[in-house]
Amino acid sequence: RPAGTRAQAPRLPPRSAAMSSRTVYFSAGEPGSQPDESKVLPFDSVRPTFFRFLKGFSRGNDFPYVEQLTANCEKEEYYLQVSIGHMESFPDREVKILATMLKEMPGALYPELEAAIKNVYREFRDTDDGAEDLQIPDVQLLLETDEPPTTVRQLTSDVIDKIVVIPGIIVQVQNVASKAQKLSLECRSCGHTRMVECGPGKDGVVLPKTCGINTGVDGQRCAPNPYVVKPDTSVHYDMQMLKMTERVEEVPTGEMPRNVNLCATRYLADKVRAGERVTVVGTYTTRNPDSNYNKTVSEGYILVHGFMRDTGGAGRGALDLDLHEEEEFQKLAKSGDVIEQICKSIAPSIIGSEADNTDLVKQAIACMLFGGRRKFNEDGTSLRGDVHVLLLGDPGVAKSQFLKFTHNASPICVYTSGKGASAAGLTAAIVRDVHGNFALEGGAMVLADGGIVCLDEFDKMRPDDRVAIHEAMEQQTISIAKAGITTVLNSRCAVLAAANPIFGSFDETVDQANDQMDFASTILSRFDMIFLIRDLRDEARDKMVAGHVQKLHMGKADDTSKIEVPFPVDKLKKYIRYARAKCDPRLSKEAAEYIGNMWVDMREQARQAKSENKSSIPITVRQLEGVIRIAESFARMEMQQHATADHVNRALHLFTKSTLDASNRKNVTDLSSLSDDQRANILHVQNMIKQRIPVNGTVRRAVLVEELVRHGQDGQVVMLAVMLMIRASEVQEYGRDFILKRLR
């Protein structure tokens, strides 16, 4: 339909008891008190007062609202965005009163304000004849405000029919529908026609019970309920229903996130997508004909007057710092040891030694919290800047505690367990609304856009569900093509996953990290760092850990522990937001040349190891990009705009000690390094395997190990026997399900 058919919101009858037919009153006193004469604005003055504000508001020699209105209407986009803060700061006293009244009774004033906008446009069109004036379409008023927002939990009966400012995440988007603004009615008896205005939002209309002229064709009275709707001559506009939930970081611990429905009309329809973080300015109303309750209890929703998108750095949250905190952060960034201070502040209740990789894990989590720089190519593609980390280790080595600390320290984070997570819950789902229509609803990785997703018990996830997050981890998008809905959602988040090895504990005799986990190489290659966290048996380390745990349980850790925490959690969270908003590092020329030479050397070492039949991880472009991201995250910790060679050295050290060392472990190529009892036990297990699998026969590795364990064999010994048979070319392993085929 032509753009000119977009209609303005219908005029509502006054709902305030303090408003007469000719005068609008606003009073800040108690209910039932007389209105303050200093805050009285005649209803007839609403339109000229707003008209005067739109023409008179200026910034120097510019008149922003007049220019904005003219530019939008030239593009046939008939809307005007007005700031309530500008009205409150306008020197005209009546405009300030109007701004206060708009926040208290928007439903009654909105038609008059939109009529004033139309008058401004009519004046600046310089029309000559009245006939052309009739072609001026209605203009929609959009609002924005600088007032501090409230939460979904504060939407109570006290704010009904008032302007509210609510931040949240769009989790469900329905298709755009047509809403009638004016219904064209025709009497089925006499043919009498009339137009009836509908209410705004989801509000409906009651058809007249009797005919307007009450005389039929033969002079008889028309029958009751005579009118029928004529859709072809009715006036409609676009309307879209959305669902918004609380921000992840604002949900109290142990409580369910609360949702609120949104109704976006006209130019606000189809403007936001699922997963976007927005702040909604609108009227909280209860006029809902679809409510399942009786007429005395109604479900509320927000009639949207404006969307303000989150501009805090790809969903990282807006900055809330004073000048003193900003100066303190600048001083800390230039201290020279801020990286060590940050790493020391990561999970201070967890201690360990250099041998069990605890300190390296803290560095990796620090790099994940700060992240690298997201790059945009000229062809429209992008390269992720988020760092993915996998923690693989024995039970009781504080993997879940690392995830919990990350969940508390990250400005935006979603924590979930792999056992209860599904592909739809992590990515997106198609659901049906109350009317049976399909709607798109974002999952955990969509809600965590701009933050971190913590996946505990990653090894307990089904393989099909792990495949679903491949695109989200590398391309950082989620493609949906279900139930006639085809779209792409953003999932710009880092992934911190924790998993146990096969059979629960770490096997020191198995040299390959890939042999310790039941993961496909496609998912492993997407992690920038993979840590093997082992529960080492060392007397000195055990005494240190035991003493620390005793102090924690006795409540004396804060008094007697020598570990200082330069960055408490709240301060660390603010510094992360500040660094991500103010610093966008990139590689310096020297660092780029240095990291390129190191990558070439690593590729050559991998080629030589492969030619000598030694275990080695494939060094590809993904590993090069991972090292660059880690180096940029170190530079961001120091608030430097360029990553130097020192940052590259730190990144290479961390990458080497994690991913490379996890893959290039000491090889066990024969039985010579084992004791006589161990060799005899392994040979016995190998004979059992040969009896179980005939030549050219196949069996899944997990099934074979489970059967031998049921016959009394140790699971780790069975795994070692299988690995030795694979190296001896007696057994071949292939496929995602780790199929074993006996060769001879």
Take Asp138 and Lys118 through the side-chain contact (heavy atoms from CB on, under 4.5 Å) test and state the conclusion after the steps.
CA-CA 6 Å; Asp138 297 324; Lys118 189 174 180 179; 3.1 Å; yes
So, Arg258 and Glu246, do they make that salt bridge, N to O below 4.0 Å?
no
In Å and rounded to the nearest 0.5 Å, what is the OH to CG distance from Tyr121 to Leu69?
7.5 Å
Main-chain N/O of Lys162 paired with Glu104 side-chain donor or acceptor, under 3.5 Å
no
Using modelled atom types only, decide if a donor and an acceptor are shared between the side chain of Glu67 and the backbone of Pro64 within a distance under 3.5 Å.
no
Residue pair Leu143, Ile163: steps toward the side-chain contact (heavy atoms from CB on, under 4.5 Å) verdict:
CA-CA 10 Å; Leu143 296 180; Ile163 292 292; 4.1 Å; yes
Closest approach of Glu88 to Ala99 (non-hydrogen atoms, all atoms of both residues)
CG-CB, 3.8 Å
Could you report the tightest heavy-atom contact between Val173 and Ala274, atom names first, then the distance?
CG2-N, 3.6 Å
Determine yes or no for a side-chain-to-main-chain donor-acceptor pair under 3.5 angstrom, with Asn72 supplying the side chain and Glu77 the backbone.
no
Should Glu123 and Lys55 count as an ion pair when the cut-off is N to O under 4.0 Å?
yes
From Lys243 atom NZ to Gln172 atom CD, the distance as rounded to the nearest 0.5 Å
4.5 Å
Tell me, do Leu268 and Leu142 make a side-chain contact under 4.5 Å, heavy atoms counted?
yes
Salt bridge (charged side-chain N to carboxylate O under 4.0 Å, His left out) between Arg194 and Glu186, intermediate numbers included
CA-CA 7 Å; Arg194 61 182 298 184; Glu186 182 180 17; over 6 Å; no
Flag this pair as yes if the NZ/CZ of Lys202 is under 6.0 angstrom from the six-membered ring centre of Tyr301 and inside a 45 degree cone about the axis; otherwise no.
yes
Using a 3.5 Å distance criterion without hydrogens, assess whether the side chain of Thr283 forms a donor-acceptor pair with backbone atoms of Gly107.
no
What is the minimum heavy-atom distance between Phe51 and Ala116, and which atoms define it?
CD1-O, 3.8 Å
Answer yes or no: does atom CG of Asn61 have more than 12 heavy-atom neighbours from other residues, nucleotides or ligands under 6.0 Å?
no
Aromatic plane relationship, His407 with Tyr415 - under 30° parallel, 30 to 60° tilted, over 60° perpendicular
perpendicular
Which residue is it: Asn490, Leu489, Thr416, Val453? I am looking for the one with a side chain to side chain contact (heavy atoms under 4.5 Å, CB included) to Met445.
Val453
Flag, side chain of Thr145 to backbone of Ile84, donor-acceptor distance under 3.5 Å:
no
Just verifying a value: how many Å separate Ile166 CD1 and Leu155 CG, rounded to the nearest 0.5 Å?
4.0 Å
Measure across Thr150 and Gln154 and return the closest heavy-atom pair with its distance rounded to 0.1 Å.
CB-OE1, 2.9 Å
With the side chain counted from C-beta on, respond yes when Met308 and Val281 share a heavy-atom pair under 4.5 Å apart, and no when they do not.
yes
Evaluation steps, side-chain hydrogen bond (donor to acceptor under 3.5 Å, both in side chains), between Asn259 and Thr245:
CA-CA 4 Å; Asn259 304 323; Thr245 188; 2.9 Å; yes
Donor-acceptor pair, distance only, cut-off 3.5 Å: does the side chain of Ser83 make one with the backbone of Gly85?
yes
Show the nearest heavy-atom pair for residues Cys222 and Cys187, with the distance to one decimal.
SG-SG, 3.8 Å
Answer yes or no: is there a side-chain heavy-atom contact under 4.5 Å between Pro200 and Tyr110?
no
Does any part of the side chain of Cys190, heavy atoms only, come nearer than 4.5 Å to the side chain of Cys211, both counted from C-beta?
yes
Parallel, tilted or perpendicular, judged at 30° and 60°: which one describes the rings of Phe329 and Tyr575?
perpendicular
What is the distance from atom SG of Cys263 to atom CD1 of Ile302, rounded to the nearest 0.5 Å?
11.0 Å
I want to check something: taking the side chain as every heavy atom from C-beta on, are Tyr65 and His86 in contact at a cut-off of under 4.5 Å?
yes
Show the numbers, then the answer: is there a side-chain hydrogen bond (donor to acceptor under 3.5 Å, both in side chains) between Gln81 and Glu144?
CA-CA 7 Å; Gln81 188 165 5; Glu144 62 180 8; 3.2 Å; yes
Please step through side-chain contact (heavy atoms from CB on, under 4.5 Å) for the pair Glu325 and Tyr578, ending with a clear verdict.
CA-CA 10 Å; Glu325 290 177 325; Tyr578 180 74; over 6 Å; no
Does any part of the side chain of Asp161, heavy atoms only, come nearer than 4.5 Å to the side chain of Thr286, both counted from C-beta?
no
Inter-residue atom distance Asp570.CG - Lys574.NZ, 0.5 Å rounding:
7.5 Å
Apply salt bridge (charged side-chain N to carboxylate O under 4.0 Å, His left out) to residues Glu114 and Arg266 and explain how you reach the verdict.
CA-CA 13 Å; Glu114 291 187 337; Arg266 293 190 273 180; 3.0 Å; yes
Do the charged groups of Glu250 and Arg153 touch, with an N to O distance under 4.0 Å?
no
Close side-chain approach of Leu262 to Met241, heavy-atom, < 4.5 Å:
no
Other residues, nucleotides, ligands: >12 heavy atoms within 6.0 Å of Lys571 NZ
yes
Separation of Thr265 OG1 from Asp238 CG (nearest 0.5 Å):
9.0 Å
Donor-acceptor pair, distance only, cut-off 3.5 Å: does the side chain of Asp92 make one with the backbone of Glu94?
yes
Are the side chain of Tyr267 and the backbone of Val139 linked by a donor-acceptor contact shorter than 3.5 Å?
no
Short side-chain to backbone donor-acceptor contact, Gln240 and Asp270, under 3.5 Å:
yes
Phe90 vs Phe57 aromatic rings, parallel, tilted or perpendicular, using cut-offs 30° and 60°?
tilted
Apply side-chain contact (heavy atoms from CB on, under 4.5 Å) to Arg580 and Ile576, showing your working.
CA-CA 6 Å; Arg580 297 193 72 102; Ile576 292 171; 4.1 Å; yes
Check whether any side-chain heavy atom of Val120 sits under 4.5 Å from a side-chain heavy atom of Phe50, and report yes or no.
no
Does Glu112 come within less than 4.0 Å of Arg47, counting only side-chain N to carboxylate O?
yes
Taking every heavy atom of Ser234 against every heavy atom of Val229, the minimum-distance pair comes out as OG-CG1, 4.2 Å
Can you tell whether the side chains of Arg277 and Asp449 come within less than 4.0 Å, N to carboxylate O?
no
